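Encoded as structure tokens, the structure appears first; notes follow it.
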2 protein chains.
Amino acid sequence: MSYKCRGNRLKTQLDPAREFSQQIAQSIRDAIIAGDLPVDGRLPSEAELAQRFEVSRPTVREALKRLAAQNLIRTQRGASGGAFVNRLNYAQAHEHMVTTATLLLTMNAVDYETAAEARFALERACLPLACARRTPSHLASLRAEVARQAVEGLSDEDFCASDVAFHRALVDAAGNPVLSWHMAGAVDAMQPLMNMITFTARSRARIVVLHGALIDAVEAGKLKPACAAFDALTTYSMQLGGEIRLQRRGSAAP
Amino acid sequence: MSYKCRGNRLKTQLDPAREFSQQIAQSIRDAIIAGDLPVDGRLPSEAELAQRFEVSRPTVREALKRLAAQNLIRTQRGASGGAFVNRLNYAQAHEHMVTTATLLLTMNAVDYETAAEARFALERACLPLACARRTPSHLASLRAEVARQAVEGLSDEDFCASDVAFHRALVDAAGNPVLSWHMAGAVDAMQPLMNMITFTARSRARIVVLHGALIDAVEAGKLKPACAAFDALTTYSMQLGGEIRLQRRGSAAP
DNA sequence: AGATCTTATATGTCAGACATATCAGCAGTT
DNA sequence: AACTGCTGATATGTCTGACATATAAGATCT
């Protein structure tokens, strides 16, 4: 009924029809999720795993690399080394989320409207919490980014980066790490995509003003004005997306 | 400026201090993201990659397994086989998201309040779109799940599963696949966790009523009542979480 | 022309070996 | 007594070469 329904040991019976390394990785993954292998616990050595599963060491290693790719384990060389169960921290999960989200968007050629709609809908959901919990530290981060965005000679890349930092800070102001993690895919992965599409057309001054209004509302802790400011930002972004599409339609692709 | 800023070839210069397989995987991953390796395109054979990177074939294989673990490539045996760039589809990304979210929650012992707060905040953000776009098909799915939940003899597991299906259908009703993907981590991964914590205490009848009211509002396309119904569900769930915590505090852990 | 056999190619797996990082313990010196 | 440096044990990282097996394409036979 709980997590610890331990069969306690790894399933070492392998189906010869499927890849061994895949099955071994699954077996170990299941054990980790079930809690049979505690966080920071050490897995048996590669040699011992090879014995248990009755495969060679390279095969075991391929399985371990699969798990390492998911940040489920880390390895250390040396005498007391080995493979250790990783505590999946937010930073790793964040990075992972961004990679997956980026791939999902680019490989499926998701159109701007769909991506932006999802992003703004999700980010808007953070506003109530942000208004209620924003700390002076959060507000300082937000204002710092807006100040940077107002500088004249800023490159497009730096402006985009600052924009991402601004939105991330806004999400973090909600004070919920799980929420921040969920939003990583929307902000860090989508925002650059949106910037790439829109940064040629947009007016930085207008964005700075909209950002400023948003901060003021959040600082005052007033939800309605915050939503209004955010919706204005949304509307402008969507409008830019539409203009870009029209331009693209007019001119042939390079 | 666009994705295809191709340096066209893989970085084959490796740093001897770090693991080769990790660097090779990163190099190929970068090439995929940059669009140098098109979807469904074939990678060079393992032997050729080994030559290019000046490493042995097992090392190349470890790198490929890392990519396979992320669903970035698939492999085929045989004459015209090899490793092919995978189009990351929503189903795979969905599965991936659920795994990561589950691990993140369990391994960090995220408390119910934090997880639930994030989940409800995000799901609430889907309501406006759901009210605007829900199709008869969506509504039918929603009603079917509620009907199942009202059956007397339903097991706890089945009730939980139906609950998840209900919320997933609600999110899908927003008609935005990117949004649905983002919500997978919240609904599919968090909901079972929440159920596990709350299903001993909750009143099924009350939940069925709340679900029904929510569907009615969504069907009518009226956002305010939908939000009200959803907030009632949120409040009830949070309240249950509080009760459980009190019970737990009273009795020693098994 | 169609069915079957052969061959080439690529991945999947294995065995054994060496290189290297790291820790623990012991020796020697200060 | 405390610090230093050596040494061995252990485990991962990597290499070499080989065999097994799946698959497609060409060659052969009916």
Side-chain angles (χ1 to χ4, degrees), chain A residues 10-29 32 37-38 40-86, chain B residues 10-29 32 37-38 40-86:
Chain A
L10 305 170
K11 284 183 199 166
T12 57
Q13 280 289 341
L14 302 183
D15 172 9
R18 294 186 301 142
E19 273 184 53
F20 289 162
S21 67
Q22 198 276 329
Q23 297 176 62
I24 294 171
Q26 189 61 53
S27 172
I28 297 177
R29 187 172 14 244
I32 292 176
L37 298 170
D40 292 328
R42 216 202 89 172
L43 269 64
S45 73
E46 295 176 355
E48 193 177 340
L49 285 172
Q51 272 198 333
R52 283 207 212 171
F53 286 100
E54 297 181 310
V55 298
S56 66
R57 194 158 83 93
T59 303
V60 167
R61 281 183 61 81
E62 287 181 9
L64 293 180
K65 294 314 162 199
R66 295 179 114 109
L67 299 176
Q70 296 181 303
N71 276 319
L72 264 136
I73 61 170
R74 62 182 182 280
T75 55
Q76 272 184 338
R77 295 177 68 169
S80 62
F84 298 83
V85 177
N86 238 345
Chain B
L10 304 171
K11 283 184 199 166
T12 57
Q13 280 290 340
L14 302 183
D15 172 10
R18 294 186 301 142
E19 273 184 54
F20 289 162
S21 67
Q22 198 276 327
Q23 297 176 63
I24 294 170
Q26 189 60 54
S27 172
I28 298 176
R29 186 174 13 243
I32 293 176
L37 299 170
D40 291 329
R42 214 203 90 171
L43 269 63
S45 73
E46 295 176 356
E48 193 176 341
L49 286 172
Q51 272 199 331
R52 284 206 212 173
F53 287 101
E54 297 180 309
V55 296
S56 67
R57 194 158 82 91
T59 302
V60 168
R61 281 182 62 80
E62 287 181 8
L64 293 179
K65 294 314 163 200
R66 294 180 113 109
L67 299 176
Q70 297 181 303
N71 275 319
L72 263 132
I73 61 170
R74 62 182 181 279
T75 56
Q76 271 184 336
R77 296 177 67 169
S80 63
F84 298 84
V85 177
N86 242 343

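Since the model is a prediction, treat every value here as computed from it, not as a measurement. Residue numbers start from 1 in every chain, and the chains themselves are labelled A, B, ... in the order their sequence lines are given, proteins ahead of strands.
- Between B:Thr75 atom OG1 and B:Leu67 atom CG the span is 11.0 Å, to the nearest 0.5 Å.
- Here the straight-line distance linking atom CD1 of B:Ile73 with atom CZ of B:Arg29 works out to 10.5 Å at 0.5 Å rounding.
- Of the possible donor and acceptor atoms, one in the side chain of A:Arg42 sits under 3.5 Å from a partner among the backbone N and O of A:Gly81.
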>> Does A:Leu14 form a side chain to side chain contact (heavy atoms under 4.5 Å, CB included) with A:Val55? I'd like the steps, not just the answer.
In response: CA-CA 10 Å; A:Leu14 302 183; A:Val55 298; 4.0 Å; yes
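- Summarising the geometry, the separation between CZ on B:Arg61 and C1' on D:dG13 is reported as 17 Å, rounded to the nearest angstrom.
- Across the helix from C:dA1-D:dT30 to C:dT30-D:dA1, the helix axis at one end is tilted relative to the axis at the other end by 10° (nearest 10 degrees, each axis from five pairs).
- Residues that satisfy the salt bridge (charged side-chain N to carboxylate O under 4.0 Å, His left out) test with B:Arg61, not counting sequence neighbours, are A:Glu62, B:Glu46.
- Here CG of B:Leu72 is found 10.0 Å from CD1 of B:Ile28. Values are rounded to the nearest 0.5 Å.
- Here the side chain of A:Gln23 pairs a donor or acceptor atom with the backbone of A:Glu19 at under 3.5 angstrom.
- The nearest pair of heavy atoms linking B:Ser21 to B:Ala63 is O-CB, 3.4 Å.
- Considering every non-hydrogen atom in both B:Ala69 and A:Gln70, the closest pair reads O-NE2, 3.8 Å.
- Going from atom CG of B:Leu64 over to atom CZ of A:Arg66 covers 10.0 Å, rounded to the nearest 0.5 Å.
- Remark: C1' of D:dT14 and CZ of B:Phe53 are 16 Å apart, rounded to the nearest angstrom.
- On the nucleic acid side, DNA chain C contacts chain A at distances under 4.0 Å to non-hydrogen atoms, with the end points of that region at C:dG12 to C:dC23.
- Atom-to-atom, CD of B:Glu46 to C1' of D:dT16 comes out at 15 Å; the value is rounded to the nearest Å.
- Here the CD atom belonging to A:Gln51 is positioned 12.5 Å from the OG atom belonging to A:Ser56, to the nearest 0.5 angstrom.
- Applying the salt bridge (charged side-chain N to carboxylate O under 4.0 Å, His left out) test to B:Arg74 and every residue at least two apart in sequence or in another chain returns B:Asp40.
- The base of D:dT14 is paired with the side chain of A:Arg57 by a donor and an acceptor separated by under 3.5 Å.
- Residues A:Pro58 and A:Leu64 each lie close to DNA chain D; by heavy-atom proximity, the contact nearer the 5' end of the strand is made by A:Leu64.
- Using a 4.0 Å cutoff on non-hydrogen atoms, the parts of residues 71-84 of chain A near DNA chain C are A:Arg77, A:Gly78, A:Ala79, A:Ser80, ordered by number.
- The distance from the CD1 atom of B:Ile24 to the CD atom of B:Gln22 is 10.0 Å, given to the nearest 0.5 Å.
- At a non-hydrogen distance threshold of 4.0 Å, A:Glu19, A:Phe20 from residues 19-26 of chain A come into contact with DNA chain C.
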